[in-house]
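Read through the structure below, which is laid out as structure tokens, and then see the notes.
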Amino acid sequence: MRFSSYIVFVLFSGFFSFVTDFSHAQGDTTYYVSYRKMLTTRLYTSRKYTSLVLQDNLSDTRMRFEPNTNLNLGVGASYNDFTLNIAVGFPFMNPNMDRVDGRYLDLQGHVYPRNFVIDFFGQFYNGYYLQRINGQLVDDPDILVFPDMRVRKFGANLQYLFNGDRLSLKASFLQTGWQKKSAGSLLGGFEMYGGHAENPYPIPFEPDNPLSREFTRVGFLQFGPNIGYVATLVIKKHFFLTGLVSSSMSFGFSNVEQNLESTPQWNVTNTFFLRGFAGYNGPVWSINANYVHANLGLPKVDDFSNQLMTGNYRINFIYRFDVGPKLKKYLDYVDLERYLPERLKKQKED
């Protein structure tokens, strides 16, 4: 796939942000301020991925498969907690797209209302290449490509941010705010994931061994509570470094098909979620980089320890400005509050 484009119309981001923070109450303004009534515009580059790791503990073989995803160049804007991004994977930015013929649709949503962290995933990948085997890089793409390999992953993560009055993740991720003082917070919540990965032709873990086990398909469903911590370090009011780490001890089901046999098993597994944000932020403009990585350890079955690793990294150039009355008239249509019944509006005012 040499050229791809996508339009991300993040309706759910605005909706979740609104319903989980109905009052729009501002937190402690000595720590951060919100710019939801300003138009936050952005120019950005980004790449998304979902990698598959197959590990056979009996043969001590670990293989990592990567999709051929685009590096995209995009523009976007946020107003009233509603975001619209448009991005294109230009050919000049992606010189190695002939490595494997693949197609993908990667729907990642990362939403940060005042006291919550919400993530949802819907990922559809076709076409992979073998990038590593037992930790060593593989440089023979003409042989080690799997254009028919498919990965499907669905899931959601909901966490409560205990110190949302002093810590704004919107300021770090969406830049619709400005964190002026350092702050930290515990998080706790629940997550759930499901999906499968498959290849129509068996993949041997030891090609030179006629008795080698072979991979064909793995399916999974898992869920469990999680806990984490997030902190933002602010230097001279404008430079910031934000880190978030959370982990879950999940209970789930995995079904591995290999050597024409299916092995289902329930087990306990561990997942972890890492996020990092860094840059310069102020009342008018911002430049920053952010990275989101979710490592989903699938329930162990028959000495297979498989993983799905999902990520998104981005560099943003941000400019904010107040909108005039003519433009505001149209932008206010994305303010969900205007569509509330009068009864709920009165409750909010009270």
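What you see is a predicted model, and the numbers here were worked out from it, not measured in a lab. Sequential numbering from 1 along the given sequence is applied to the chain's residues. Just so it is clear, the values below take in all heavy atoms, side chains as well, and ignore hydrogens, waters and symmetry mates.
- At a cut-off of 3.5 Å, with distance as the only test, a side-chain donor of Tyr125 or Asp106 sits close to an acceptor on the other residue.
- For the pair Phe253 and Pro264, the minimum side-chain heavy-atom distance is below 4.5 Å.
- For the residue pair Asp119 and Asn157, a side-chain donor N or O sits within less than 3.5 Å of a side-chain acceptor on the partner.
- In this structure, the side chain of Asn163 engages the main chain of Gly184 through a donor-acceptor pair within 3.5 Å.
- With a 4.5 Å cut-off on side-chain heavy atoms, Asn226 and Gln159 count as touching.
- Neither Val268 nor Phe304 shares a network with the other; the hydrophobic side chains, linked directly or stepwise wherever heavy atoms of I, L, V, M, F, W or Y lie under 4.5 Å apart, form separate groups for each.
- Here the side chains of Met192 and Gln222 are not in contact, with every heavy-atom distance at 4.5 Å or above.
- Considering only heavy atoms from C-beta on, Val53 comes within 4.5 Å of Arg62 through its side chain.
- In terms of hydrophobic clustering, with Ile, Leu, Val, Met, Phe, Trp and Tyr side chains grouped at heavy-atom distances under 4.5 Å, Phe116 and Leu186 are assigned to a common cluster.
- Atom CG of residue Leu71 and atom CE of residue Met93 lie 4.0 Å apart, to the nearest 0.5 angstrom.
- Note on residues 198-207: pairs passing salt bridge (Lys or Arg N to Asp or Glu O under 4.0 Å), not counting sequence neighbours, are Arg150-Glu198, Glu198-Arg217.
- Panel note: side chain Asn312, backbone Val292; no donor-acceptor pair is recorded below 3.5 Å.
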Exercise for the section: Take Arg213 and Asp302, measure what salt bridge (Lys or Arg N to Asp or Glu O under 4.0 Å) needs, and give me the verdict at the end. Expected result: CA-CA 11 Å; Arg213 301 203 295 179; Asp302 196 23; 3.2 Å; yes

Practice task
Please report the C-alpha distance between Tyr32 and Arg166 in whole Å, then the side-chain angles of each, then the deciding distance to 0.1 Å, and finally whether the side chain to side chain contact (heavy atoms under 4.5 Å, CB included) criterion is met.
Solution key: CA-CA 7 Å; Tyr32 72 85; Arg166 293 188 173 184; 5.5 Å; no

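- Closest of all the heavy-atom pairs between Phe154 and Gly122 is CD2-CA, 4.1 Å.
- Rounding to the nearest 0.5 angstrom, the gap separating the CG atom in Asn281 from the CD1 atom in Ile318 is 8.5 Å.
- Taking the six-membered ring for Trp and thresholds of 30 and 60 degrees, His110 and Phe121 have ring planes more than 60 degrees apart, a perpendicular arrangement.
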Exercise for the section: Evaluate salt bridge (Lys or Arg N to Asp or Glu O under 4.0 Å) for Asp322 paired with Lys328, printing each intermediate quantity in order. Expected result: CA-CA 9 Å; Asp322 291 311; Lys328 186 177 185 299; over 6 Å; no

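- Cluster annotation: Phe220 and Met249 are assigned to distinct hydrophobic clusters (Ile/Leu/Val/Met/Phe/Trp/Tyr, side-chain heavy-atom contacts under 4.5 Å, transitive).
- Trp178 contributes a side-chain N or O that, together with a main-chain N or O of Lys237, makes up a donor-acceptor pair within less than 3.5 Å.
- Side-chain atoms of Ser168 never come within 3.5 Å of backbone atoms of Gly177 as a donor-acceptor pair (strictly under, hydrogens ignored).
- Ser247 places a side-chain N or O within 3.5 Å of a backbone atom of Thr271 that can act as its donor or acceptor partner.
- Side-chain atoms of Arg320 come within 3.5 Å of backbone atoms of Gly282 as a donor-acceptor pair (strictly under, hydrogens ignored).
- In this model, a donor atom of one side chain and an acceptor atom of the other lie less than 3.5 Å apart for Lys153 and Thr310.
- Cation-pi geometry between Arg103 and Phe124 is not met: the NZ or CZ atom fails to fall both under 6.0 Å from the ring centre and inside 45° of the normal.
- Both cation-pi conditions hold for Arg275 and Phe273: the charged atom is under 6.0 angstrom from the six-membered ring centre and inside a 45 degree cone around its axis.
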Practice task
Evaluate side chain to side chain contact (heavy atoms under 4.5 Å, CB included) for Thr41 paired with Val75, printing each intermediate quantity in order.
Solution key: CA-CA 8 Å; Thr41 60; Val75 295; over 6 Å; no

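- Judged by a 6.0 Å distance limit and a 45° cone about the ring axis, Lys181 is positioned over the six-membered ring of Tyr31.
- Side-chain heavy atoms closer than 4.5 Å link hydrophobic residues (I, L, V, M, F, W, Y) into clusters, and following such links, possibly through other members, connects Tyr79 to Leu327.
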Practice task
Test Asn72 against Arg314 for side chain to side chain donor-acceptor pair (under 3.5 Å), laying out the working first.
Solution key: CA-CA 9 Å; Asn72 297 293; Arg314 175 182 295 193; over 6 Å; no

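- Residues Glu257 and Asn255 have side chains that never bring a donor and an acceptor to within less than 3.5 angstrom of each other.
- Using the six-membered ring where Trp is involved, Trp266 and Phe251 have ring planes that are parallel, under 30° apart on the 30 and 60° scheme.
- At a threshold of 4.5 Å between non-hydrogen side-chain atoms, the residues Ser250 and Phe223 do not count as touching.
- Using a 4.5 Å heavy-atom cutoff, the side chains of Lys180 and Thr30 are not in contact.
- Between the side chains of Asn68 and Glu66, not a single donor N or O lies within less than 3.5 Å of an accepting N or O.
- Taking the side chain as every heavy atom from C-beta outward, Tyr280 and Phe240 never approach each other to under 4.5 Å.
- Taking a 4.5 Å side-chain heavy-atom cut-off between Ile, Leu, Val, Met, Phe, Trp and Tyr, the cluster of Tyr49 extends to Tyr291, Tyr313.
- Taking hydrophobic clusters as Ile, Leu, Val, Met, Phe, Trp and Tyr residues chained together by side-chain heavy-atom distances below 4.5 Å, Val245 does not share a cluster with Val230.
- A donor-acceptor contact closer than 3.5 angstrom is absent between the side chains of Gln55 and Ser305.
- Pairing each heavy atom of Pro204 with each of Met63, the nearest pair is O-CE, 4.3 Å.
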Problem - Candidate pair Ser78 and Arg42, rule side chain to side chain contact (heavy atoms under 4.5 Å, CB included), full reasoning - result: CA-CA 9 Å; Ser78 298; Arg42 64 182 58 86; 2.9 Å; yes

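- Interatomic distance, CE of Met309 versus CG of Leu296, reported as 11.0 Å (0.5 Å rounding).
- For the residue pair Gly252 and Pro299, the shortest heavy atom distance occurs at C-CG, 3.6 Å.
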Practice task
Show the numbers, then the answer: is there a side chain to side chain contact (heavy atoms under 4.5 Å, CB included) between Leu331 and Val323?
Solution key: CA-CA 9 Å; Leu331 290 176; Val323 297; 3.6 Å; yes

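- The main-chain N or O of Pro202 is never found under 3.5 Å from a side-chain atom of Thr216 such that the two would form a donor-acceptor pair.
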